[in-house]
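Data block below; observations after.
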Amino acid sequence: MTSDPPSGEEKPASRNFIEQIIDADLAAAKNVDQIHTRFPPEPNGYLHIGHAKSICLNYGLAQQYGGKFNLRFDDTNPTREEQEYVDSIMDDVRWLGANWEDRLFFASDYFEQLHDWAVKLIKAGKAFVCDLTADEMREYRGTLVKPGKNSPDRDRRVDENLELFAKMKAGEFPDGSRTLRAKIDMAAPNINLRDPVMYRIKHAHHHRTGDTWCIYPSYDYTHGQSDSIEGITYSICTLEFENHRPLYDWFCEALGIHHPRQIEFARLNLTYTVMSKRKLLQLVTEKHVSGWDDPRMPTIRGLRRRGYTTESIQAFCERIGVAKFNSTIDMAWLEDAVREDLNEKAFRALAVLNPLKIVLTNLEPGQTIDIEAPNHPQNPEAGMRTLPLTREILIEADDFMEDAPKKFFRLRPGGEVRLRCAGIIKCDEVVKDAAGNVTELRCTFDPDHARKVKGTIHWVSAARALSAEVRLYDHLCAVENPEDVPEGKTFIDNLNPNSLQSITAHLEPSLVDAIPGTHIQFERLGYFFVDPVDSTPNKPVFNRTATLRDSWTKVKN
RNA sequence: UGGGGAAUAGUGUAACGGUAGCACUCCGGACUCUGACUCCGUCAGUCUAGGUUCAAAUCCUAGUUCCCCAGCCA
């Protein structure tokens, strides 16, 4: 184990409960060789941020302990699974930074072995072919408070079981007509132990094994053995599988094979969104979102397109920790993680979302002043770019107030404000239309850079600005817990009607070449991502990843 | 009503019989050519009731609340 540090006793790093279990096992010389984890998705949907937690956990543990990490598809149900999902999941796992090296596996790779083991269990009198229909089986199973009854087929002779199982495999029976069941205990208080189904008949085409099989193993009969075959030491899964652990253990014991240790943790919940595959699918099929990669979705593909980075999601998963308590993480944590990462990475640019025209009266029409602006104020190596300053410019309408409170540091009649990187302007005149709306400001420009003024605002040249589509995203749901609905309503009723606002914004001209897939901070506004799907050459589309923190709105309210 | 889990500031997460710590949020302040970033500070917690002990978040007893399980889904 660890030896005492020579001097200057260091505080031990805080360990989560899984690390503590592993540490203890290591200390007790169990699983000593090398720890080995895996991420076992079913290829029947897209990955979401909850899966990212599991991937980061499993891969992180392997890294931390110098062990290995596998990617294994749990593809035991051909009627729900598709190659398309396999491809997207692999891409997302890779993007998340988890490296399975050459260890990409499929539970379907083990079908032959699983079948042989089933025969072994039949021969040992630990499995039998059952003729009960699904409805009958439900009846025989009993309830939470009432024990089940033995299947009439439970005591079938071994040779008869063997023959029937062979016929099941040979395709002689229709779907659902028979099952192979483990013979455990119909009176067990844990319902998973009441003679669970090991094999069911499904004459279905499997995305990998084709039509080789018409019987498919169940999750319970597959998962632990797959872990075992791969030499997994810690089979980490979510809490709902806690009730399955006795079964997991039973199969490994009955088969006498390497017995990985299953450990369960609480899945991730986030405020203002939904996470279940079913609900996400519903959002897509009912067109509440544009697809699985809609930037409002908590899917990895959605987050990627929103502008989240691998590093930000890793940091987030690290920060939320892991425990057995069902918790809900505030969405603000996710946003905070991207801000932190993007603050360092994203180049800066100026963009005006909601414009107000200013005429700089002391500049000539047609005159252009080249303004040098740093691409990243904290990182000189990022270089400079040029902004054209012209007589007519656009500023954010919010940055001017006629009757401004004392704490308003921006532009007001007669007041001064700094134009980012350019100089200082003074508001001489407010022009209004017949209805009294401010339509234009007339200001004088002072190129002095040294004077101090309290406020700095962003701007673009009216003549030279690039018009571009900017998508302002907000929470998918209008309430923290969208599942919390009154009788007769669903989470759909809690969707945020303003989760997407698409506008035409005015951007500094250098952005015309913005490359799809890059992150940019529009100063004072937020982080934006050049949409990789809808951007076309010279016509970038920007997705707002996250706003900047804004302490002004707090003052205002 | 059976079985399996879980309860620590607003939200997460540590402390493993010996000063309840950390992060985010909130609030206050400093700095600032982004009201950003950064920095500093404040507020705030052991589900309840008993018990063991010099000492309990931790051990014991009883209770409360929440989650999961009755698919030939995973």
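In what follows, chains carry the letters A, B, and so on, assigned in the order in which the sequence lines appear, proteins first and then strands, with residues in each chain numbered from 1.
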Base, sugar-phosphate, or nothing: which does A:F408 touch, judged by heavy atoms less than 4.0 Å apart?
base
Is it the case that the base of B:G35 and the side chain of A:R549 share a donor-acceptor contact (distance under 3.5 Å, atom types as modelled)?
no
With sequence neighbours excluded, residues passing ring pair (Phe, Tyr, Trp, His ring centres under 6.0 Å) with A:F128:
none
Residue pair A:C421/A:Q20 against RNA chain B: nearer the 5' end by closest nucleotide is A:Q20
Mutual orientation of the aromatic rings belonging to A:H115 and A:W213 [parallel < 30°, tilted 30-60°, perpendicular > 60°]:
tilted
Name each donor-acceptor pair under 3.5 Å that joins a side chain in residues 316-328 of chain A to protein atoms two or more places apart or in another chain, with its distance.
from	atom 1	to	atom 2	distance (Å)
A:R319	NH2	A:E340	OE1	3.3
A:R319	NH2	A:E340	OE2	3.4
A:K324	NZ	A:E242	OE2	2.4

Who are the salt bridge (charged side-chain N to carboxylate O under 4.0 Å, His left out) partners of A:R278, not counting sequence neighbours?
none
Quiz item: A:Q378 side-chain donor-acceptor pair to B:U38 base, under 3.5 Å
no
I'd like to compare against my own output: the B/S/- annotation of nucleotides 69-74 of chain B with a strict under-4.0 Å heavy-atom distance to protein.
BBSBBB
Residues that A:R38 engages under salt bridge (charged side-chain N to carboxylate O under 4.0 Å, His left out), provided they are two or more places apart
A:D227
May I ask you to decide whether A:K426 forms a salt bridge with A:D446, counting only side-chain N to carboxylate O separations under 4.0 Å?
no
With the criterion being N/O to N/O and under 3.5 Å, what pairs connect the protein with nucleotides 7-11 of chain B, and how long is each?
from	atom 1	to	atom 2	distance (Å)
B:U11	O3'	A:T328	O	3.1

Enumerate donor-acceptor pairs with a distance under 3.5 Å from any side-chain N or O in residues 135-144 of chain A to protein atoms, sequence neighbours excluded.
from	atom 1	to	atom 2	distance (Å)
A:D135	OD1	A:R138	NH1	3.0
A:E136	OE1	A:T133	N	2.8
A:E136	OE1	A:T133	OG1	3.3
A:T143	OG1	A:V145	N	3.2
A:T143	OG1	A:K146	N	3.0

Dump every N/O contact between nucleotides 46-48 of chain B and the protein below 3.5 Å, one line per pair.
none

Taking A:D23 first and then A:R15, would you say they form a salt bridge - that is, a charged N and a carboxylate O separated by under 4.0 Å?
yes
What do the steps show when you test A:E264 against A:Q262 for side chain to side chain donor-acceptor pair (under 3.5 Å), and what is the final call?
CA-CA 7 Å; A:E264 309 86 11; A:Q262 176 177 310; 3.0 Å; yes
Going by ring pair (Phe, Tyr, Trp, His ring centres under 6.0 Å), name the residues that satisfy it together with A:H519, two or more places apart in sequence or in a different chain.
A:F529
Measure from CG on A:N379 to C1' on B:U38 and round the result to the nearest Å.
16 Å
Distance, C1' atom - from B:U53 to B:C68, rounded to whole angstrom:
37 Å
Return the set of residues passing salt bridge (charged side-chain N to carboxylate O under 4.0 Å, His left out) with A:R385 (not counting sequence neighbours), or none when no residue passes.
A:E508
Output row for RNA chain B, stems defined as at least 3 consecutive Watson-Crick or G-U pairs under 3.5 Å, is B:2-7 with B:64-69, B:10-13 with B:21-24, B:27-30 with B:38-41, B:47-51 with B:59-63
When you measure from every atom of RNA chain B, which of residues 447-458 of chain A have a heavy atom less than 4.0 Å away?
A:H449, A:K452, A:K454, A:T456
